[in-house]
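Since the structure comes first, as structure tokens, the remarks are kept for the end.
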Amino acid sequence: MKELKKAGLICNLDRNNLGLYCNCFSDYLRVCRKLRDLLPDDEREILSDDDMDQFSSLIRLRKTLIDDMMKISRTCGLTLDSRLKAGQLKVDKVADAIEDAFGDI
């Protein structure tokens with residue numbers, strides 16, 4: 001958060017979306033831990049039907065959380081593309097200021 005504020009890429013209005021992203025990420029980590037715990041230690045061991053159902057549900061939930069995090073990250077400007085666009089705007093402003101001060105060099 002500090003880095004985003006310092007770069008001027010986030011403001012107080014973005015906190016809600018950033019909080020949503022953090023909640024999704026926390027849930028994603030929790031699901032990944034459950035999946036890891038559910039997997040058998042021995043690859044030859046077969047999951048029971050109940051474990052397989054739970055495993056399948058967790059995989060679907062994990063995919064949903066990943067999709068949600070990607071949507072929210074685009075909204076918050078957390079993607080690489082978003083940051084590059086914001087950075088380019090800053091570079092353009094500096095270039096314009098230099099041109100205004102010194103003319104077309």
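Computed over heavy atoms, backbone and side chain alike; hydrogens, waters and symmetry mates excluded.
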Under 3.5 Å donor-acceptor pairs involving side-chain atoms of residues 61-72, not counting sequence neighbours:
| from | atom 1 | to | atom 2 | distance (Å) |
| --- | --- | --- | --- | --- |
| Lys63 | NZ | Asp67 | OD2 | 3.2 |
| Thr64 | OG1 | Arg60 | O | 3.1 |

Please list, chain by chain and in numerical order, all residues satisfying salt bridge (charged side-chain N to carboxylate O under 4.0 Å, His left out) with Asp53, sequence neighbours excluded. none
Listed partners of Lys34 passing salt bridge (charged side-chain N to carboxylate O under 4.0 Å, His left out), at least two apart: none
Interatomic distance, Asp27 atom CG to Cys22 atom SG [nearest 0.5 angstrom]: 11.0 Å
Spatial distance of atom CG (Leu20) from atom OG (Ser73) [nearest 0.5 Å]: 12.0 Å
Begin with the C-alpha distance, continue with both residues' side-chain angles, and end with the deciding distance and a verdict on side-chain contact (heavy atoms from CB on, under 4.5 Å) for Asn17 and Tyr21. CA-CA 6 Å; Asn17 287 330; Tyr21 179 87; over 6 Å; no
